[in-house]
Every structure is written in C-alpha cells, then in structure tokens.
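Shown next, in structure tokens, is the structure this report addresses.
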Amino acid sequence: MVAVELSHIAKAFGAVQAVSDVSFTVNQGEIFGLLGPNGSGKTTSIRVMLDIFKGDAGKVSVLGGPMNEAKKNRIGYMPEERGLYQDMRLEECLIYLTTLKGISKAEAQRRLQPYLERFDLAEHKTKKIKELSKGMQQKAQIISTVLHQPELLLVDEPFSGLDPVNSQLARQLFLDLQKQGVTILMSTHQMHQVEEMCHRIVLIHRGRNVLYGNLTDIRREHSGHAVRVRLTGELPPLAGVLNRSEENGSWQLLLDERTTPQDILHQLVGSGAAVEQFEIALPSLDEIFIRVVGKE
Amino acid sequence: MSKLWLVARQQFRHTVYKRSFVLGILALPFFLLFTVGIGVLAERAQRETTTLGFVDPGNFLAETPPDSDTLRLQRFADATAARAALDAEAIDLYFVLPADYPQNRQTELVFTGQPDSSAVQVFTEAVRSNLLADQTAEVRARILDGPAITVHALARGRSLPLDFPGLGVFLPMLAAMLFAFWAMTITSTLMEALVTEKQNRTIEVIVSSMSPGQMMGGKIIGVFGMSLLLLFSWVAMLALFAWFGSSVLGWEWLSALAINWRDLGLLALAALPAFLCITALMVMLGGIMVDTQEAQQISGFSFIFLFAPIYLLGLLANAPDSPLALIFSFFPLTSVMTLAIRSIFMAVPTWQFLLAAGIGLLLAALLIWLAGRVFRANMLRYGQGLRLRRKGSRAATA
C-alpha cells in the first residue's frame, strides 16, 4: 500500500525552477530515503507534498488522496529549518505543538514524560528552550515531531547536530516507529544512515529524479564489474583481471568484460588459496552519489 | 478546542504575560496620576492664605468678601499702619482706597513680594461690586461676569465660546489619538508575533499543522484580545480619572463635559477600515522583515502617518475645508486624525466620513489580499531581507 505518491511535480519561484519533474512513491511502513545535493529540490518537494506550497504541475497523493487539513494531524514533519519557541519552557512548548496536532493537553502531557526520559531531557523540562544546548533542542524537535503518534513521518536531516550517542537514540526511535507501522520519509546527507535504515531511495538532482528504487538494486547497477576478496596468503595470478588494488587487507579486482565473478572464484579455489571472503564489490551510497551527481 | 483558538490563546498569553504589556497598561494611569498630581499640587500651592490689607477712610467698601482658606482681609485705619504691618510681614499686600475714590477711581496697591493674583482679583471684584451697589443683584451679577462671546462660524456650522470651548469639542481628537496609540500597539504586536515565528523558525512546523490562514487568524484574535484588554483598562482608568476629577476634585470643566456622539460615531466608522489597512500593512511587513528589531524600526516609521495631521494642526485649523485637508481626510492612514481635527473647527459633512470609510475599505481589501500573498510567499524565507522587486515577483508566483 502506498503512503505517498508524487507524480511529475514541478514548482518554480519566479525565474528559479526549484523542481522540474520529481516522481516517487513511498510504501506504507517503510523508511524511504530522499536524497540529493544542496538545492536539488528535496525541501521544495516535501513542501509541495505537505501543501505548504502549491505545485505548478503534477499530482500529489498523501495517505490515500490529496493533502488536506485533516491529514496534517496524521503527519509529523521535522523541517530542515527547524526551531522552537525560544522563550517558552520545554514542556510547555512541546505540549503546545502537540495540541496543534489535535491531541488534548492532558494526553500530550501523558505521552511526553516517557520521551523526555528516553532522550534524557526530563530534568530540563522546566527550562526555557533558549537555555538548552543545540543537541538538546534537536532532541526536543524530534520529540515534537513524533509525540502525536503520526502515521507518516517526514524528517529533513534528522541527525544533524546530534553526537553519535544521540544519533543512535534517534535512529533507534525511527526504527521502533517503523516496526509500529509508521511510514518514514527521510531526507539526509548522511549516507551511512540511509544505507543502514532505508530500503528504497530516490536521488534528486537539479529538480529531477536521477536515481530511484531499491537500494540494493541501485548499488548492484552501479557496481561496475568487480569483486572483493580477502584471503590468507598471497593473491595468486588471475586471468581476466584488469586491475587489482589492496585496501585494509582485502583485494578489489576489476574484471574484464568476458570474465565473471564465478570464473574468479573458480580460479581462486583451483589455486588452493584460503578464501576468507568473496563478494561482488558494491559501491557505497556515497560513491554512487558522487558519481551520479558529478556526472550530471 | 480548534487550532485557531489554540493559537489565539497561546498568542494572548504570550503577549499579556510580558512585562511590556503590564507597563503598557500602567503607562496611562501613571500619566494621568502625574497630570492630576501636578494639578493637585498646583492647587494646594495656591491655597496658601494671603492676608490682604486695605485702607478705606471713606468707608467705600460697605460689603467685603468673607474670609476663606485662601484669603483673609484686614482693614487698617491709615496707610502708615498698613505699611507697618506689611513691613512686619503681618500682611502680604494692601490696597489704599482714597476718600475720593468714588469720584477719582484711583487706588494704590502696595506689596513687597509678587502679589497673589487671585487675592487681587477677589478684592477687585469686591470693589466693583460696591461700585454697583445701586444696581439690582441680577444686573450686578451680569456686569461682573463680563461679556461671554461665542463665535458662530455659519459656513462651517460650528460655534465656539471664546473663553473655553469645553473639553467635549476636543473629544474626537483625543479619541483619534487614543485610536492611534491603540492601533500602534495592536498592529506592532501582531507584526512582532509574525516575525517571531520566522525568527524562531517555527512557522514551517505550524503550517504543517494548520493552514496559514488559521495561524494568521489565531494570531490576530490573540493580539486583538490583548489589545481589547489594554483598551478596556485604559477606558476604565479614564473613567476613574473623570470621576475623581469631577467628584473629588470638583473640576467643573470635567463635570460639564458635552460629547458630540455624531462626530464620534462617524469617526469610529472611518477608523475601522483605517485599522484594517494598518493591520494589513503590518502583516505585509511581518512577512518581509527578518527580525523583531528590524520590524519595530520599520513599524515606528510607518506610524508617522497616523500622527502626521497633528503637525498640520495650524493649517487644518485655518482652512479645515481646504483641498489638503480633504486629501488627508480621504487617505486611510491620515483620515482619522484629520477628520477629528477638522471636526473641532467645522461640522464635517457626513458624506466625507462615509467616503473616507469607503476608500479605506477598498484600500484595506487590496492590502489584505496583497499581505496574504506576500506573507505566504515569504513566510519561509528565514534570515533574508527582501528587496521590493523580488517581493513583487514572489507575490505574483505564490
């Protein structure tokens, strides 16, 4: 079942074409990665999706139809340009923002305490937002995004400003929410987080889709024709290898067009080498990102 | 509770619980207390008893005013005795009425320090009253009151007494000033509220929970509620001041206040669209401005329009129906104050109030439309000022 569907959306601001043609679907219950370099149109796409901006063209379907005011209560949005009321106390601010999502004050109060404890903010709840550190404010922002228990979560750079411990806390929260059936659309530049959390992605560049689909498939498509081998002892001479390079004790072998990975494995076993690891050398998402965006 | 009311309540509480709001409420009573205090002190200072001596060998003064808290009269047999009393500071001043005063009407006033004018006036009136002793009480009273001139400006439909026209004549202008201060408070608070959303970068979170219209409506209601509280506080304090002045201090000019309800009503009619225009302008500025400091500076500049007619008071008084006066009357930002000033000096025709209100409504509708578009187009432009040309293109594409 599809939670979000964007079909050929476009949006211009005066002479600037922020989004030209972006399409993707986000399935219910998945964590979907929305990637792209700065200024590629990610944030504009999200804003069109939420009806903050009206798109110039294309169709948007959110939670089974066009976006409307009622659906806003079912969505949690953490914008890239985030902020909280600096003069308000933490607890008061989070409760106020949650009541704007249709939750009663009493219920918001009841839900808040466990989150404050989970994110180590309980003892700071009476402090004004401006008295909190940047990392604490970031955690408070995450809480305000999820406190009303949304079905769909749109998070833009959720890990920025967080140390590794708090990044792990946030990541675990998103994974827990996914297990509960929440659909998450995550926009980030932290590719390792995408690799760890997302099954499908879309990469937008200059307002258009340049990559879209299953992350494993995408990595395979961009794998080139190489294998990664780790073995004890010396690497024996192998036919069909155009280039070999060693990194951290494993060898990356670039194969010619006629040689398959199975041919290499067969040669290795035949030579009596003790193979510890053999895999198709898939590029990291970072490498794919740089390759695709650089080429564009 | 609907989201609109949640925003309204939050905005109301956020504004009312501020120190600046409490100061705003207290500013007027402090001003009034200061004014009343000065008046009371001045009155008390005048209450010092003056001892006025007089020499009247011809016994001209058959009737002398009775002694009071402020004046005590003392008769002397001759000028030497009076002079001795003055030198001994037993009296403050003395009059000498020669025996032939009824024929020559010449008197002599002797004093060492500055003579108390009110004491001199009381004694002078007593002398005049004695001069009219052969007249009936009615004629004496009429003559002693002197002329009461009222200027009737037939072409302008106004009658103004020359001595003191009464506070009621100035009420529309006072109301216009109160309106200007009130409008300044409410609209600058509204603009600050909008800029604060941008400054805190919360606006995107808010509009992902409700429509920009709901957010704006909630903020307007919240700020309006705050301003009503402020207005009621001011009016209550003015009423208290009026009661205190008339009942306790016995200020007659306050007791005899005549209110021109027709002018006040028509002025209120013209004030509503003017208020809408200012509000729309402030919303537009709120959409453009980056931080509250910048917003306050710009809003302060824009409020010059509201008070501009006061600087033209002389011109408006001399020619209240001049082309300049008419232009200022029909321009929404200056209309309320101009109409109020003109209504002191002429009966402003009803159609002029109505035309001012009509023009104000048209401009308000245009500005509200434009403000909505400018605000929506720029609400997510954090930390960036806006050039006017860009504003135009944004508004066109929003």
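Atoms considered below: every heavy atom in the structure, side chains included; atoms not considered: hydrogens, waters and symmetry mates.
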Cut-off 4.5 Å, heavy atoms of chain B, and the answer for Tyr96(A) is side chain
OH (Tyr85(A)) and NE2 (His14(B)) are apart, to the nearest 0.5 Å, by 9.0 Å
From the list Leu100(A), Asn73(A), Thr98(A), Leu97(A), side-chain contact (heavy atoms from CB on, under 4.5 Å) partner of Ser209(B) resolves to Leu100(A)
- [ ] Take Glu204(B) and Arg47(A), measure what side-chain contact (heavy atoms from CB on, under 4.5 Å) needs, and give me the verdict at the end.
- [x] CA-CA 9 Å; Glu204(B) 197 167 359; Arg47(A) 287 172 176 172; 2.6 Å; yes
Correct closest heavy-atom pair for Ser208(B) and Leu50(A) would be CB-CD1, 4.4 Å
So NZ of Lys101(A) and CG of Leu6(B): to nearest 0.5 Å the spacing works out to 13.0 Å
Residues Glu69(A) and Gln214(B): closest non-hydrogen pair is OE1-OE1, 3.7 Å
From the list Met88(A), Met67(A), His148(A), Lys71(A), the residue making the most non-hydrogen contacts under 4.5 Å with chain B is Met88(A)
Answer key: most heavy-atom pairs under 4.5 Å with chain B among Glu92(A), Gln86(A), Met78(A), Lys54(A) is Gln86(A)
